[in-house]
Structure formats: structure tokens, C-alpha cells
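Keep in mind it's a predicted model, so treat the numbers as computed, not measured. Reminder, nothing fancy here: chain letters follow the sequence lines and each chain counts from 1.
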Protein chains: 2
Amino acid sequence: MLMVLPDEVHCLKQIALLGGCRSQVFASSARLGMELATSPQTASRRLQALERLQLITRSLRSDGQYISLTLKGEEVLLREFSDYGRIFGNGSARHVLTGELISGLGEGRYYMSLAPYREQFLEKLGFEPFPGTLNVRLDPGSIATRKRLETLGWISIRGFQANERTYGDARCLPCRIGDHRCGIVVPGRTHYPEDIVEVISPVELRKELGLSDHDIVRVEVPP
Amino acid sequence: MLMVLPDEVHCLKQIALLGGCRSQVFASSARLGMELATSPQTASRRLQALERLQLITRSLRSDGQYISLTLKGEEVLLREFSDYGRIFGNGSARHVLTGELISGLGEGRYYMSLAPYREQFLEKLGFEPFPGTLNVRLDPGSIATRKRLETLGWISIRGFQANERTYGDARCLPCRIGDHRCGIVVPGRTHYPEDIVEVISPVELRKELGLSDHDIVRVEVPP
DNA sequence: ATTACTAAAAGACGAGTAA
DNA sequence: TTTACTCGTCTTTTAGTAA
């Protein structure tokens, strides 16, 4: 687990605020120094540090530099956002994700069949998951909403060891599809594609709702 | 405009995460030092600094201290939250505030009658406000939602000078009550009670919706 | 104008101590 | 155990310089 200093997070945030999340942003150290209330030298050093931490990428010009956040950098900020979300409560806002049903690789089915996971879902979500997951590729417009979900109350699922293998941690967010209580499941540390969510439920949703590939699915949070 | 260092914000955030926003939290410098990855001495110095900035209040015991955030401290954090909200987009989530209609002090009516304000509302919101505001005292459950609104796209209203007086800045968030497009208005710098929102609209809502004091009002964001 | 380096100045850090 | 000092050390900052 790498340590990012508050000063560095602050710098990263300013870059993101300038638009460094969506695209690269042109900014000189002098300008960044203004925003951070430091000297250009310090701002420059911050950028070097962030680059070394692989939180940003840069391309230098003679009159400034193009900066953009890496995925890793965005994750650092997302974690901050999540902290603040917890501080200020998650309100009663309703989040709706829409996307198209796709077929996964069958990995979900495998993991959902493992007793240590099943037991935790039963205990923490209140239902035993059907062995299989519903994979949804989000509409572009739902991706921002997906990021917002990070601030909500995820239930953590602990990993375990078995057969000389390690099964990782995961987390789960209660949700609903139609009238069915479900859960969005995200595997622990790995970097998961941001436009895909994997949903479990007590029943086989595909059959229950008569869904097939490319159908539009609507996931609502909270349930 | 006071300057709060990133290290100090970080410390403030940890206190809030421990529950310092809702009530006072018992924490020793040693414990805080653990969370902040610093020595107890540094954590202690941070607390002293935050107290001097009036961002927290403390009461010392022989075996630790009770800490709680002040309103000012919470505002600092809220501003951070708002920054992150802007970075990660504001999603398509729907926020609903409910509360009881109360009668204001007539100040809203006065301010809404001033041409420089009226013109800005027309330009930026798309309507000329009825000269008067609807004051709503939020249900306790809506207060967290109200805080969440801070991360959304507020429209800024500039103040002006007239008759040897200064009229302050304000900001406004488009919303709706029933089928009427409205706006939540918050005066600039002053400390506004967190459980009250002031709503403007192109029409006299009290008459239009047949409302009177103590009626329940439902404000939806976005419109 | 920029970035990045070096070196002097400033400031923060944490061990030790007292209450 | 605490908090909050002091003090020596070390890190960070910024001014200055070069590219």
C-alpha cells in the first residue's frame, strides 16, 4: 500500500479540477503554484513526485506541460471522495444505472458457488446468491453515476484460503433490478473496468425477467 | 479567506471520519498519530493548530481529549467534498428535500425586488423571480441530503454596490416544487442555518400551490 | 516564458522532559 | 497513561542558476 502525502493529494486534486481526469490539461508549474499557494519550484517538485508515484503522466513542452491523471491517480481521489461521502452521509438520493446485458466469462458463476463467499452474502445481504452473475455494460452516461456509488455503504466480503489458492476480498452494494433485491459485486483490489457492473441476486435474473444478451437493464441503488 | 494547509485538512477529515461531525469524539494524540501516520507530537500540534483556526473544539482530559468539529470546520470539509463532487461529475441522481413551510422575515422579498439580482436570475436561471421567497424548514432526515447538494452545479450570483451599501454574493441551485421550476438561493458568506432552504420561483408558489405555514413541501433537484 | 537543479533559509519533525 | 513544552535534527521550501 503506497502512501500519498496530503500535499500530494491536494496537488492531484487541483489537476483533476483543471480537467486532468477526462483529458490532459495544459498547466505550467507557475500556474499550479498559484492554485496550491506555493512557489513554482515546489509545484514542479510535486509534479515530479506524482509522476514517480505513477499518479499522473506528463509531456513537457518548452512553455509548460500537458498533465493527465492515470487510473491509479484517479483511484486515489476516488478514495478521498468516498471518505467525504461517508462523513456527510449518503443522503436519500436514488441512483439509477442503465446498461446492456452482456455475458461474462463464467467467473462469476464459479466464485458464487464457493461456500465461504455464499455464507457471507447470506449473512450480510440476507440472501444466498444464485450461482452466476448478471454482467451489465453501462451506458456512457451511467459511468459517472457508477463512480458516485463509491461514496455509499459497501459491504465488505472477506477473502479466504483454500486448496493452496488465495481467494480475494470483495465488496458488495445492495441494489435492485425490477422488484428483485440484488447486489453489485466488485472484486477486491484488481482494477475492474469502470463501465461494467456485476450483479448477484437470490434468483436467476435472466430467467426470472426473461432477459437475454443486449437487453437493457436498469439497476437502482439503494434497493 | 483563511488558508488551511493540506495536512490540517487531512487531520480534520480523520476526526470527522471518527465521528467528530455529529458528536464529540474521544481520541488521543497517539491514536490520531497512528491514523495520520505521524508521531503523537505532530498530531498534538495539528490539533492545536486546528483549534487556533477555530476548526475544532476540544476538552482535555488526563487520558485523552474530546474533540468535535465546529461549523467552520465542517464547512472546510464540505468545500473539499464539493471539489470532489465536481471532479467526478454529479451523476444523474435525484435528490429530494422535504420540510415544512415557514414564514421568513421578509428579507427574501426585499432582495428579490432588487434589479441587479433580478437580472442575474433572469439571465442565469431563465426566469424573473417572484419578489418573495419560500422558506422551508427541512426534516431532520433531509439535512444530510441538503449537504450533498453542495457538490452539485450551483450558479453564482454576484453582489453589487448601491446607495452606499454592499449587497453580497449569493448562489443558486435549480430545482422544482411540483411542476414549477424553482431555485434554492443561499446568501454568500454568511452562516446560513443548515435546516432551512429558501426557494425562489417565477410565480407566487404559496398562492399557486395553495400552501400555507406548516404545510409539507417537497423540493426536487435537479428540476 | 518554461523545467529542473543546487544551495542557503525556513520550518516541521520527533525524542526527551515535565506536569 | 495523557498533553504540551523545548531543542537538536532533518526535511522541505524557495531563491538563484542553467538549459
Legend entry - Set of ring pair (Phe, Tyr, Trp, His ring centres under 6.0 Å) partners for B:Tyr111, sequence neighbours left out: none
Inset, instruction - Could you tell me which residues satisfy side-chain contact (heavy atoms from CB on, under 4.5 Å) with A:Val136, sequence neighbours excluded, listed by chain and number? - result: A:Leu138, A:Val197, A:Val217
Legend entry - Salt-bridge contact B:Arg146-B:Glu194 (side-chain N to carboxylate O under 4.0 Å): no
List, with names and distances, any nitrogen or oxygen atoms from the protein found under 3.5 Å away from nitrogen or oxygen atoms belonging to nucleotides 1-5 of chain C.
residue: C:dT2; atom: O4'; partner: A:Ser62; partner atom: O; Å: 3.4
residue: C:dT3; atom: OP1; partner: A:Ser29; partner atom: N; Å: 2.9
residue: C:dT3; atom: OP1; partner: A:Ser29; partner atom: OG; Å: 3.2
residue: C:dT3; atom: OP1; partner: A:Gln65; partner atom: NE2; Å: 2.8
residue: C:dT3; atom: OP2; partner: A:Ser29; partner atom: N; Å: 3.4
residue: C:dT3; atom: OP2; partner: A:Ser29; partner atom: OG; Å: 3.3
residue: C:dA4; atom: OP1; partner: A:Arg58; partner atom: NH2; Å: 3.3
residue: C:dA4; atom: OP2; partner: A:Ser44; partner atom: OG; Å: 3.2

Legend entry - Separation of D:dT11 P from A:Arg46 CZ (nearest whole Å): 16 Å
Inset, instruction - Please report, rounded to the nearest Å, how far the P atom of C:dG11 is from the CG atom of B:Asp7. - result: 15 Å
Inset, instruction - Please collect all salt bridge (Lys or Arg N to Asp or Glu O under 4.0 Å) contacts where either partner lies in residues 51-60 of chain A, sequence neighbours excluded, each pair once. - result: A:Glu51-A:Arg58
Kindly list each side-chain donor-acceptor pair under 3.5 angstrom involving residues 4-20 of chain A, sequence neighbours excluded, with atom names and distances?
residue: A:Glu8; atom: OE1; partner: A:Leu5; partner atom: N; Å: 3.0
residue: A:Lys13; atom: NZ; partner: B:Glu80; partner atom: OE1; Å: 3.0
residue: A:Lys13; atom: NZ; partner: B:Glu80; partner atom: OE2; Å: 3.2
residue: A:Lys13; atom: NZ; partner: B:Asp83; partner atom: OD2; Å: 2.7

Inset, instruction - Compare side-chain N and O positions of B:Thr42 against OP1 and OP2 of C:dG14 and report whether any pair is under 4.0 Å apart. - result: yes
Legend entry - B:Ala37: partners by side-chain contact (heavy atoms from CB on, under 4.5 Å), with sequence neighbours left out: none
Inset, instruction - Note down the inter-axis angle between the two ends of the helix from C:dT2-D:dA19 to C:dA19-D:dT2, five pairs each, to the nearest 10°. - result: 30°
Legend entry - Residues which pass ring pair (Phe, Tyr, Trp, His ring centres under 6.0 Å) with A:Phe121, listed by chain and number, not counting sequence neighbours: none
Inset, instruction - Starting at atom CD of B:Glu8, determine the distance to atom C1' of C:dC13, rounded to an integer number of angstrom. - result: 15 Å
Inset, instruction - Would you please name every residue forming a ring pair (Phe, Tyr, Trp, His ring centres under 6.0 Å) with B:Phe26, sequence neighbours left out? - result: B:Tyr66
